[in-house]
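Heads up: the structure comes next, in structure tokens.
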Number of protein chains: 2
Amino acid sequence: MRRTRQVTILSVAAAAGVSKSTVSRVMNGTPTVDPEIVTRVRDVATRLGYRPSGTAQNLSRGRTGIVGVLVPDLANPLFAAILKGISAEAEKDGYRTLVADANEQPGEELRHLHELARQSDGLILCGPRMSTPDLAGLSELDEPIVVVNRKPARSLFPSVTVDSQEAVDALCRHLDALGHTRLCYLAGPAEAAAESDRWSALQSSIRSRTKLLRIPAGAMLDDGHAAADEALATGATCLIGFNDLVALGALARLQELGFAVPDRVSVAGFDDIVYARYTSPGLTTIAMPQTEFGQEAWRLLSPFLQGRKGRRTRTLQARLVIRPSTGPAPMRG
Amino acid sequence: MRRTRQVTILSVAAAAGVSKSTVSRVMNGTPTVDPEIVTRVRDVATRLGYRPSGTAQNLSRGRTGIVGVLVPDLANPLFAAILKGISAEAEKDGYRTLVADANEQPGEELRHLHELARQSDGLILCGPRMSTPDLAGLSELDEPIVVVNRKPARSLFPSVTVDSQEAVDALCRHLDALGHTRLCYLAGPAEAAAESDRWSALQSSIRSRTKLLRIPAGAMLDDGHAAADEALATGATCLIGFNDLVALGALARLQELGFAVPDRVSVAGFDDIVYARYTSPGLTTIAMPQTEFGQEAWRLLSPFLQGRKGRRTRTLQARLVIRPSTGPAPMRG
DNA sequence: CTACGGTCAGGAACCGGTTCCTGACCGCCC
DNA sequence: GGGCGGTCAGGAACCGGTTCCTGACCGTAG
């Protein structure tokens, strides 16, 4: 985009010998234009290579057709998948997505959001790590906002959340049946709402004879890799990652150390990212409805973009996927 | 963004008893304003919750501060990584990235690009799958365009490409030393420039005593998974994926089938996506400079956005990363 | 033949900012 | 005290479209 464009609606109007209103009508397919004029304007437009300025259209139409999406980390396939879900659904309604990647740095989120808001008609926040006051402060942006996967935000903004309790129950039953009585949770970032969700779901699901330990890790592959040694030192027979990346990181470390999985140690995660199925052993995990997250987020947002009211919450179900990474607990001693 | 905004520059001007020019100057930090007026306007602006319309600024400034990025598939960590590289670098210059994901459907790319162009100052095309005439036709968008990882496009647009030949030579030497004399390449999409690059690099690198076979696969995990059986049937002792996803998909299939890797079959890929290191066995691969791709793409694009001339090509080096997925060829049956 | 109603193109206002140009006002110097 | 130069706020044009309103022109009916 140059400072001033080469061929504008005025050039076309002049060349076609009509007013710019008429050119505008032709370009937008308004039916009340003489067919002969339509073809003439069309011809001139293509001959001159006229392309309407999106910016000018945005201004006069009062909308950009862009939805801003904030993700903690695009390298996490979970968010890539959610984003795909959003894009696909938004596209059907003629919207495009402007993405901001906070690189798992909670402090960056606000800045990104203000930037996004400048160019968009609405915002979707995926698992935002920011503080609740900051989140609440976003209402002053007065743009429609939808939050994905952050339960405490439901009172503030329309939200898509997931109910993992049942799946976590199933996981705990599964592990109990395999004889695991000492589990170690590799915790995620304290700022992630999913972190406390998952931790408390685990706490309320474990059998009384089972001990649940907790080691800080993070949200990325390297975090799981780095935390594995400490987790092993707890004597746990099953490691549960905050998410699949952490679990896979730990899994890789176990294999480096020569710990057979699941023979010596079992591993489980959350999310069911695509790689969870393709690693070896395949990873037992609590599957999030990833694309659906995105779809539903858009469906919640969409009515507000049109100035209508919409529903405010949508709860999806997580489900347990059992793969070879969890097996019978090794015999004592 | 509502049809007409609540608090505009005019509201602020009125409330502060100044002209809108002055408000504009204050908001942009123009130094030639009476300090007392500055504070007054600032106060009024925050009190009213004034937020300048990005769209209006875009129009009058003649730039959007947005760079459009087209990727074949965001679920491919390679492109997620390149995108991160672009975003990080562009952000330093005050630009944001608008992403379009073509979902590996070459036919969608043109449509996405036209959409992107409406809202952006420049475009970065990552490994575009579209035909060369279509690519050439993009010049009529008259926006600065940079192409990543598509050699034949170098004459059309500034490009960041990679030289893989040396690394492929090294791979072939490595495999030869391990005794592999029958390799099978799992080919990528014909539309991908990387596909023909890699194939011809392999062809020119293999030892004369080695047989190089070729099976069509694709660019995604499932493609590798699906192609593995056919590849095995060729009797090859080493499978080389078009990219790491294909290689990992095949690897997973081999493990399902109980083929020990690397004992019975070796596997290698291209890209060095982050999961290549974390699977088991770790994947031997030809590493692309991923973040660097993004950085360099931005650096090529940036001068053109400012109306200056810039260099037109940048060639990066791929390098071989050897991991346990390649090992000695099994003894002849 | 005139009055009336309907169709459709042009003019102008508008979207919300930025920036050039102008001129009021001030202080300094002769 | 008057002339001159510099500072800085306001007015207006501009960015490139969309859309409302107006009025010219047509055909039809009375």
Side-chain angles (χ1 to χ4, degrees), chain A residues 1-42 44-45 48-65 117-121 142-143, chain B residues 1-42 44-45 48-66 94 117-121 142-143:
Chain A
M1 180 181 292
R2 300 213 182 78
R3 177 65 187 81
T4 125
R5 296 165 67 88
Q6 54 301 11
V7 36
T8 72
I9 200 172
L10 276 179
S11 343
V12 179
V18 297
S19 74
K20 62 175 190 163
S21 331
T22 299
V23 177
S24 172
R25 282 187 280 254
V26 170
M27 299 309 289
N28 292 301
T30 309
T32 71
V33 184
D34 186 323
E36 191 211 335
I37 296 189
V38 171
T39 57
R40 179 153 43 106
V41 170
R42 283 256 151 75
V44 172
L48 298 185
Y50 170 60
R51 333 190 64 255
S53 151
T55 306
Q57 291 180 319
N58 289 346
L59 181 59
S60 59
R61 288 177 179 159
R63 44 157 274 179
T64 62
R118 289 186 59 248
Q119 313 262 18
S120 61
D121 300 340
D142 65 4
E143 263 194 29
Chain B
M1 180 181 292
R2 298 213 183 78
R3 177 67 187 78
T4 125
R5 295 165 67 87
Q6 54 301 13
V7 36
T8 71
I9 199 171
L10 276 180
S11 345
V12 178
V18 298
S19 74
K20 62 177 191 161
S21 333
T22 299
V23 176
S24 172
R25 281 186 282 252
V26 170
M27 299 309 289
N28 291 299
T30 309
T32 71
V33 184
D34 186 324
E36 193 211 334
I37 296 188
V38 171
T39 57
R40 179 151 45 105
V41 171
R42 284 256 152 77
V44 172
L48 298 185
Y50 170 61
R51 335 191 62 258
S53 151
T55 306
Q57 291 181 320
N58 289 346
L59 181 59
S60 60
R61 289 177 178 157
R63 44 156 274 177
T64 62
I66 290 183
R118 289 187 58 249
Q119 314 263 17
S120 61
D121 300 340
D142 66 3
E143 263 194 29

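The shown structure was predicted, so the numbers you read here are calculated from the model rather than taken from an experiment. Throughout, protein chains are lettered first and strands after them, A, B, ... in sequence-line order, and every chain is numbered starting at 1. Computation of the quantities below employed the complete heavy-atom set of this structure, encompassing side-chain atoms and omitting hydrogens, waters and symmetry-equivalent molecules.
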Report task. Rounded to the nearest angstrom, tell me the gap between atom CD1 in B/Ile9 and atom C1' in C/dT18. Result -> 8 Å

Report summary line: The contact string for nucleotides 7-14 of chain C, one letter per nucleotide 5' to 3', using protein heavy atoms under 4.0 Å with B, S and - for base, sugar-phosphate only and none, comes out as -SBBBB--

Requested in this report: Nearest whole angstrom, please: distance from the C1' of C/dG17 to the CZ of A/Arg118.
Outcome: 11 Å

**Report entry** D/dT18 OP1/OP2 closer than 4.0 Å to side-chain N/O of A/Asn28
**Finding:** yes

Query raised in the report: Out of D/dG17, C/dG16, C/dT19, which has the shortest distance to the side chain of A/Ala56?
Result: D/dG17

Query raised in the report: Has A/Gln57 got a side-chain N or O lying under 4.0 Å from the OP1 or OP2 atom of D/dG16?
Result: no

Query raised in the report: At what angle, to 10 degrees, do the two end axes of the helix from C/dC1-D/dG30 to C/dC30-D/dG1 meet, given five pairs define each axis?
Result: 70°

**Report entry** Distance (rounded to the nearest 0.5 Å) between A/Leu48 CG and A/Gln6 CD
**Finding:** 10.5 Å

Report summary line: From CZ of B/Arg63 across to P of C/dT19 the rounded distance in Å is 11 Å

Query raised in the report: Considering the options A/Thr39, A/Val38, A/Ile37, which one meets the side chain to side chain contact (heavy atoms under 4.5 Å, CB included) requirement together with A/Val41?
Result: A/Ile37

Query raised in the report: If you measure from OG on A/Ser53 to CD on B/Gln119, what distance do you get to the nearest 0.5 Å?
Result: 9.0 Å

Report task. Assign A/Thr8 to base, sugar-phosphate, or nothing according to its heavy-atom contacts below 4.0 angstrom with the strands shown. Result -> sugar-phosphate

Requested in this report: For the residue pair A/Val44 and A/Tyr50, establish whether any side-chain heavy-atom pair is separated by less than 4.5 Å.
Outcome: no

Using residues 21-28 of chain A as the side-chain source, report each donor-acceptor pair under 3.5 Å to any protein atom, sequence neighbours left out, with the distance given to one decimal.
from	atom 1	to	atom 2	distance (Å)
A/Thr22	OG1	A/Ser19	OG	3.3
A/Ser24	OG	A/Asn28	ND2	3.4
A/Asn28	OD1	A/Arg61	NH2	3.1
A/Asn28	ND2	A/Ser24	O	2.8

Query raised in the report: Does the side chain of B/Asn58 come under 3.5 Å of the side chain of B/Thr64 through a donor N or O and an acceptor N or O?
Result: no

Report summary line: Rounded to the nearest 0.5 Å, the CD atom of A/Glu143 sits from the CZ atom of A/Arg118 at a distance of 11.5 Å

**Report entry** Protein-nucleotide distance (B/Arg61, atom CZ; C/dG16, atom C1'), rounded to Å
**Finding:** 12 Å

